[in-house]
Number of protein chains: 2
Amino acid sequence: MKTKTRAKNMGDIAVLANVSKPTVSRALRDSPLVTAETKALVLEIARKHGYAVNRNAQKLRDKRTNTIAVVADFKSFPGSRLADPFSFELLADVAQALSLRSQDLLLCAPAEESHETYQTLLASRHADGIIFLGQGQRDPMLRQLAKTDAAFVVWGAVAQDQPYCAVGGANVRGGELVGARFAESKRRRAVFIGGSDEHLEMKQRRLGFEKALLAKQPSASVGHIVVSNFSYESALAAMVAYLDGKNKNEYPDAIFAASDTIAMAVYKALRDRGLSVPKDVSVIGYNDNPHAAWCSPSLTTIRQDTRQAGSLLVEQLMMMLEGRKPQSIMIPAELIVRES
Amino acid sequence: MKTKTRAKNMGDIAVLANVSKPTVSRALRDSPLVTAETKALVLEIARKHGYAVNRNAQKLRDKRTNTIAVVADFKSFPGSRLADPFSFELLADVAQALSLRSQDLLLCAPAEESHETYQTLLASRHADGIIFLGQGQRDPMLRQLAKTDAAFVVWGAVAQDQPYCAVGGANVRGGELVGARFAESKRRRAVFIGGSDEHLEMKQRRLGFEKALLAKQPSASVGHIVVSNFSYESALAAMVAYLDGKNKNEYPDAIFAASDTIAMAVYKALRDRGLSVPKDVSVIGYNDNPHAAWCSPSLTTIRQDTRQAGSLLVEQLMMMLEGRKPQSIMIPAELIVRES
DNA sequence: CTGAAAGCGCTAACAT
DNA sequence: ATGTTAGCGCTTTCAG
């Protein structure tokens, strides 16, 4: 017996089934225009021959790829280790949301950050739309891209004048929750450690924090330590440098870290000076990474529901692709109180 | 002035440039068969009109997609949080290696685990090959798949009788390093906590561990705590149950955790009983996740170079696609000594 | 060096 | 309910 030769195209199946190509096509797409018998026959033959419809031919004909490009920053900076796990949880949840809608996920690392690169991505029918996981410094590029007919959505800060669709956390609210908590525990020398105000999300968190803390505790001071990237290493360096520049009696008694990774660096810097968390210094992080719960003392932090974020991102993008108007959406920030 | 209309296909550009379609095609692919002037002209016009070659038409014609499907288990089990960060570092490095070779990355969550699913993936010209990030329980399926002409490589245990190409860590060696270290510090009641022997990688680590420890410390005992999945929660439950079943004087004084995530659960269980690391119990993990260095006491662990793994996986797969014979490869295990 | 023709595999439109 | 035709956009012959 010959080895089962794999039928390569619809024509082959059509011949084998003694029907025409379109009938095979219809049968495989379960069209009501085909007899149950014919359908069964075609399906059986296709199965037996390991035939699968050529997706590229479909895409060419349909002018629709059912593919979404997802742009994720893997590394916080070149040569660094993994970026914050948050992006990966988000990626996983976006992947799931896309899979629910039978959309393929083309994973892209950001290359040159020009809007033309992304226009080309779409123009070449590589993907129907783009999901940017992280707005970071690319707001200007995104504004450019928004002037075109490119379909895209962004995880990042939701702002008033934004010409594109964003899904993001309630950063101001998140900051407020932290500020309020520090006020309750009567902390007086607070510090925010995170990105500069150029990162819109960072700015929002910082402002909410400052506002809420000072509202309840007007005499408190609020410092700002700027980290150049969100890696543990640079956060640690920034934190150490900050403490080096202070007398012991000027040390902060409350630190709001813009990410849990940064909070881990804060822990380290404090431990190395013999300061105790939360007795001497209260620390709160952001994102509720898994290890926030595992470290000791376990880390109080702000949780954002990535599952919800993922499905909203996909949902809004699909709306765009259907020609409907998408909406920017904020998802809630929740304070997860732990030992720190 | 009219808004710049986007030329949609090669024909349009050809007309605009007053040349034929093939010439446009050649010009855009930088063929030596085209005059520099013609080339410049075509390029300029294409650029001006935001034209990009239709990838799907290319793929249809070339019968090559330049796309690699990457199958990654996002969740250690349904409903869980993120899988171990290790998979994501690996994914990031695979992505980079693919991008270096101008291959697109189609990210797939594993669906039904039948080899036919994956044959279909390839038969439909969705991708040219597959990289499985994690062998886990699917060795039988992979053996099936290996009987077909499917091009794929796997991150996982490298074994003798394997009919497919695997790239994996030196798990036996990794286990030996841990066993040797515990022997040096005169530990006598050792335990391995990790997956069952059905996970080949786990088995290799455990056997290497046992062998090396008993070789230098024949009187030592080596226990085995089986976790049902690699989540923190199930590891914690397993560890607690184990300790619950022992008298204090039977407690282990050395624990080898099959992943850093599991090691964090071990830390927690020990802390909760007032046991000190490393005084009472020495702990060693696996993978060198970022937070292994951040926790306190910082975690001694085995590092595997994911960068190298990523590029080897891609390299071997490319060899297969070129019709050359790929090779299974082990990458070194390195003991990173920290405080634990 | 350039162009004309053909065909990759599919499906929608239009017959029948 | 099924078949015929045409064309999606590209590139590789082959001819000039």
Side-chain angles (χ1 to χ4, degrees), chain A residues 5-43 45-46 49-67 104 120-128, chain B residues 5-43 45-46 49-67 104 120-128:
Chain A
T5 41
R6 178 177 294 272
K8 326 145 317 183
N9 65 34
M10 228 170 230
D12 299 350
I13 301 294
V15 170
L16 289 165
N18 244 312
V19 294
S20 71
K21 256 195 306 174
T23 298
V24 174
S25 178
R26 292 183 190 114
L28 293 175
R29 320 183 109 241
D30 201 25
S31 153
L33 296 176
V34 180
T35 333
E37 307 155 59
T38 321
K39 207 175 280 184
L41 175 66
V42 170
L43 254 52
I45 293 187
H49 289 260
Y51 169 73
V53 176
N54 185 317
R55 303 287 248 99
N56 302 131
Q58 273 182 328
K59 290 178 187 176
L60 176 57
R61 182 142 217 293
D62 296 351
K63 301 184 163 187
R64 166 115 195 208
T65 65
N66 291 310
T67 300
D104 292 329
T120 301
L121 184 69
L122 298 177
S124 65
R125 307 310 309 131
H126 219 122
D128 298 328
Chain B
T5 43
R6 179 176 292 272
K8 326 145 320 191
N9 65 34
M10 227 170 231
D12 299 349
I13 301 294
V15 170
L16 289 164
N18 244 312
V19 294
S20 71
K21 256 195 308 175
T23 299
V24 174
S25 178
R26 292 183 188 114
L28 293 175
R29 322 183 107 243
D30 202 26
S31 153
L33 295 177
V34 180
T35 333
E37 306 154 61
T38 321
K39 205 175 282 184
L41 176 66
V42 170
L43 255 52
I45 293 186
H49 289 260
Y51 170 74
V53 176
N54 186 317
R55 303 289 246 100
N56 300 312
Q58 271 183 328
K59 291 177 185 175
L60 176 57
R61 178 128 223 289
D62 295 351
K63 301 184 163 189
R64 166 116 196 206
T65 66
N66 291 311
T67 300
D104 291 328
T120 301
L121 183 69
L122 298 177
S124 65
R125 307 310 309 130
H126 217 121
D128 298 329

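What you see is a predicted model, and the numbers here were worked out from it, not measured in a lab. Each chain gets a letter, A, B and so on, in the order the sequences are listed, and its residues count up from 1.
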*Asks:* In whole angstrom, what separates A:N56's CG from D:dT11's C1'?
*Replies:*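 A:N56 atom CG is separated from D:dT11 atom C1' by 15 Å.
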*Asks:* Determine the minimum heavy-atom distance between B:I13 and B:A46, stating which atoms define it.
*Replies:*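 Here B:I13 and B:A46 meet closest at CD1-CA, 4.1 Å.
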*Asks:* Quick check on DNA chain C: between B:V19 and B:K63, whose nearest nucleotide comes earlier from the 5' end?
*Replies:* B:V19
*Asks:* Under 4.0 Å from OP1 or OP2 of D:dT12: is there any side-chain N or O of B:S25 that close?
*Replies:* no
*Asks:* Atom CD1 of B:I13 to atom C1' of D:dT11: distance rounded to whole Å?
*Replies:*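 Whole-Å distance recorded here is 16 Å.
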*Asks:* Using only heavy-atom distances, determine whether the side chains of B:H126 and A:D104 contain a donor-acceptor pair under 3.5 Å.
*Replies:* yes
*Asks:* Would you say B:Y51 places a side-chain N or O within less than 4.0 Å of OP1 or OP2 belonging to D:dG9?
*Replies:* no
*Asks:* Mind listing the closest non-hydrogen atom pair of A:V53 and B:S124 along with its distance?
*Replies:* O-CB, 3.2 Å
*Asks:* Looking at C:dC1, I'd like to know if its phosphate oxygens (OP1 or OP2) sit under 4.0 Å from a side-chain N or O belonging to B:T35.
*Replies:*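 False: B:T35 side-chain N/O out of range (4.0 Å or more) of C:dC1 OP1/OP2.
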*Asks:* Begin with the C-alpha distance, continue with both residues' side-chain angles, and end with the deciding distance and a verdict on side-chain contact (heavy atoms from CB on, under 4.5 Å) for A:T67 and A:D128.
*Replies:* CA-CA 6 Å; A:T67 300; A:D128 298 328; 5.6 Å; no
*Asks:* Just compare D:dT12, C:dT11, C:dG9 and give me whichever is closest to any side-chain atom of A:R29.
*Replies:*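 Out of D:dT12, C:dT11, C:dG9, the nucleotide with an atom closest to A:R29's side chain is C:dT11.
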*Asks:* Quick one: which of D:dG9, C:dA5, D:dA6 gets closest to the side chain of A:R61?
*Replies:* D:dA6
*Asks:* Looking only at heavy atoms, which two atoms of B:M10 and B:V24 are closest? And how far apart?
*Replies:* CG-CG1, 3.6 Å
*Asks:* D:dG9, OP1 or OP2 - any side-chain N/O from B:Q58 closer than 4.0 Å?
*Replies:* no
*Asks:* Give the nucleotide from the list C:dG9, C:dA6, C:dT11 with an atom nearest to the side chain of B:K21.
*Replies:* C:dA6
*Asks:* Heavy-atom nearest nucleotide on DNA chain D for B:R26 versus B:V53: which residue maps closer to 5'?
*Replies:* B:V53
*Asks:* Ignoring hydrogens and angles, does a donor from either the side chain of A:R55 or the base of C:dG9 sit under 3.5 Å from an acceptor on the other?
*Replies:*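 For A:R55, whose side chain was compared with the base of C:dG9, there is no donor-acceptor pair (under 3.5 Å).
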*Asks:* Looking at A:N54, does any N or O in its side chain come under 4.0 Å of the phosphate oxygens OP1/OP2 on C:dG9?
*Replies:*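 So the side-chain polar atoms of A:N54 never come under 4.0 Å of the phosphate oxygens OP1 or OP2 of C:dG9.
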*Asks:* Is the distance from OP1 or OP2 of D:dT2 to the nearest side-chain N or O of A:T23 less than 4.0 Å?
*Replies:* no
